[in-house]
Amino acid sequence: MTGTIAILGGTGKQGSGLARRFARAGARVLVGSRDAQRARETVAGWPPPQPSEADPTVTRGSIEGASNAEAVAAADTVVLAVPFSSVADTLHAVGGRWRSGAVLVDVTVPLSFEGGKLTVIPVAEGSAAEHVRARLPGSIPLAGAFKTLPAHLLNDVDAAIDCDEFVCADSDASRSAAFALVRLLPGVRAIDVGPLARARAVEHLTALAVAINRRHKVHDARFRVVGL
Ligand SMILES: NC(=O)c1ccc[n+]([C@@H]2O[C@H](COP(=O)([O-])OP(=O)(O)OC[C@H]3O[C@@H](n4cnc5c(N)ncnc54)[C@H](OP(=O)(O)O)[C@@H]3O)[C@@H](O)[C@H]2O)c1
């Protein structure tokens with residue numbers, strides 16, 4: 001069970017694809033933004049969520065726009081989908097608005113595209129996920145997921161997805177919450193890769209996927225693990 005899902009930075013490329021697909025799977029989704037009006041306008045521009053043709057029995061979900069702080073205050077599962085450089089500001093802005101029992105699923109990857117050059121930004125804590133952990137209230141369990149899922153494919157909401165997603169977590173509660181989100185995306189398999197520090201490897205895989213996209217002039221390079 002995911003309950004209400006808030007997506008901080010849900011107006012962006014990764015967050016909007018996740019929001020629309022989660023809603024289509026029947027979830028109540030709050031799209032968060034620094035500017036609530038911008039979130040509402042963004043959501044108003046999307047077609048209303050339709051049940052999946054593959055499973056017409058799923059309940060129609062809903063999407064609303066809100067400020068990041070309002071979204072957190074109303075959510076059971078929060079997804080952090082902002083640029084790595086704005087993680088600290090975003091978490092600071094939502095402050096102590098977390099619901100009791102809420103969990104955070106971090107999607108951020110410390111990549112820079114400055115001057116067209118792809119670079120993994122060095123992170124003092126070891127990974128973006130651990131950077132988030134250092135700035136999140138200790139009572140909020142944290143998982144990392146959706147770090148290698150391409151936004152381009154996510155936003156083509158009628159397209160099937162056929163890949164694995166790596167889930168790392170600091171607790172059973174956050175791992176379960178991340179698995180529950182992955183289950184909302186038919187065709188995606190969640191793979192438990194262990195503790196949060198495993199995000200160090202996962203985030204480098206995202207850089208590899210971007211490099212593959214560039215080298216092969218495609219948009220949606222992604223991963224599938226064999227042997228499991
Ligand atoms: N794009 C991908 O394919 C992909 C794949 C895997 C992981 N990711 C990760 O997902 C995260 C989001 O990526 P994205 O491509 O969706 O990014 P994005 O579209 O550039 O930004 C997402 C949202 O973050 C908010 N934002 C932007 N600058 C901000 C700032 N300075 N301070 C606070 N909020 C700011 C904006 O929302 P408001 O202006 O409405 O507040 C924006 O719509 C990144 O960490 C990225 O590494 C992306």
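Remember, it's 1-based here, ligands and their atoms both numbered in the order they're listed.
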Quick test: of every protein heavy atom, which one is nearest to atom 12 (C) of ligand 1, and how far off is it to 0.1 Å? Ala81 O, 3.4 Å

Nearest to atom 44 (C) of ligand 1, what protein heavy atom do you find, and at what distance? Val82 O, 3.2 Å

In terms of atom number and element, which parts of ligand 1 are under 4.0 angstrom from non-hydrogen atoms of Thr11? 36 (C), 37 (O), 38 (P), 40 (O), 42 (C), 43 (O)

In the protein, what heavy atom is nearest to atom 14 (P) of ligand 1, and what distance, to one decimal place, separates them? Gln14 N, 3.9 Å

Looking only at heavy atoms of Leu149, does any of them come nearer than 4.0 Å to an atom of ligand 1? yes

For atom 21 (O) of ligand 1, state which one of Pro83, Ser16, Ala39 supplies the nearest heavy atom. Pro83

Please write down residue, atom name and distance for the protein heavy atom closest to atom 26 (N) of ligand 1. Arg34 NH2, 3.5 Å

Going by heavy-atom distance to atom 46 (C) of ligand 1, choose the closest among Asp89, Leu80, Asp220, Val109. Val109

Main-chain N/O of Ala180 paired to Thr2 side chain as donor or acceptor, under 3.5 Å: no

Using the side chain to side chain donor-acceptor pair (under 3.5 Å) rule, take Arg135 and His131 through it: C-alpha gap first, then chi angles, then the decisive distance, then the call. CA-CA 7 Å; Arg135 287 155 182 81; His131 177 84; 3.2 Å; yes

Rounded to the nearest 0.5 Å, how far does CG of Leu142 lie from CG of Asp170? 5.5 Å

In this structure, atom 15 (O) of ligand 1 is nearest to the protein heavy atom Lys13 CE, 3.3 Å

Taking atom CZ of Arg224 as the centre, report whether more than 12 heavy atoms of other residues, nucleotides or ligands fall under 6.0 Å from it. yes

Under 4.0 Å from one or more heavy atoms of Ala151, ligand 1 contributes atoms 1 (N), 2 (C), 3 (O)

Ligand 1 atoms nearer than 4.0 angstrom to some heavy atom of Arg38 are 37 (O), 38 (P), 39 (O), 40 (O), 43 (O)

Would you find a donor on one side and an acceptor on the other, under 3.5 Å apart, between the side chain of Gln14 and the backbone of Phe146? yes

Please state whether Val107 comes within less than 4.0 angstrom of ligand 1, counting heavy atoms only. yes

Backbone N or O of Ala134 within a donor-acceptor pair of the Glu125 side chain at under 3.5 Å? no

Heavy-atom donor-acceptor pair, Asp220 side chain to Pro150 backbone, under 3.5 Å: no

So for His152 against ligand 1, with non-hydrogen atoms under 4.0 Å, the contacting part is neither

Does the Asn213 side chain pair with the main chain of Ala221, one donor and one acceptor, at a distance under 3.5 Å? yes

With a 3.5 Å distance limit and no angle check, can you tell me whether Arg24 reaches the backbone of Leu185 through a side-chain donor-acceptor pair? no

Starting from atom 32 (N) of ligand 1, locate the nearest protein heavy atom and write down its residue, its atom name and how far away it is, to 0.1 Å. Ser86 CB, 3.0 Å

Closer than 4.0 Å to some heavy atom of Gly9 - which atoms of ligand 1 meet that? 22 (C), 23 (C), 24 (O)

Would a distance-only check, ignoring hydrogens and angles, find a side-chain to backbone donor-acceptor pair under 3.5 Å from Asp76 to Gly101? no

With no hydrogens and no angle check, is any side-chain donor or acceptor of Arg133 less than 3.5 Å from a backbone partner on Ala197? no

Can you tell me if Gln37 has over 12 outside heavy atoms packed within less than 6.0 Å of its CD? yes

Within 4.0 Å of some non-hydrogen atom of Phe84, the atoms of ligand 1 are 45 (O)

Out of all atoms in ligand 1, which are within 4.0 Å of some heavy atom of Thr108? Include the element for each. 45 (O)

Please indicate whether any nitrogen or oxygen in Ser33 is less than 3.5 Å from any nitrogen or oxygen in ligand 1. yes

Atom indices of ligand 1 within 4.0 angstrom of Lys147 heavy atoms, with elements: 6 (C), 7 (C)

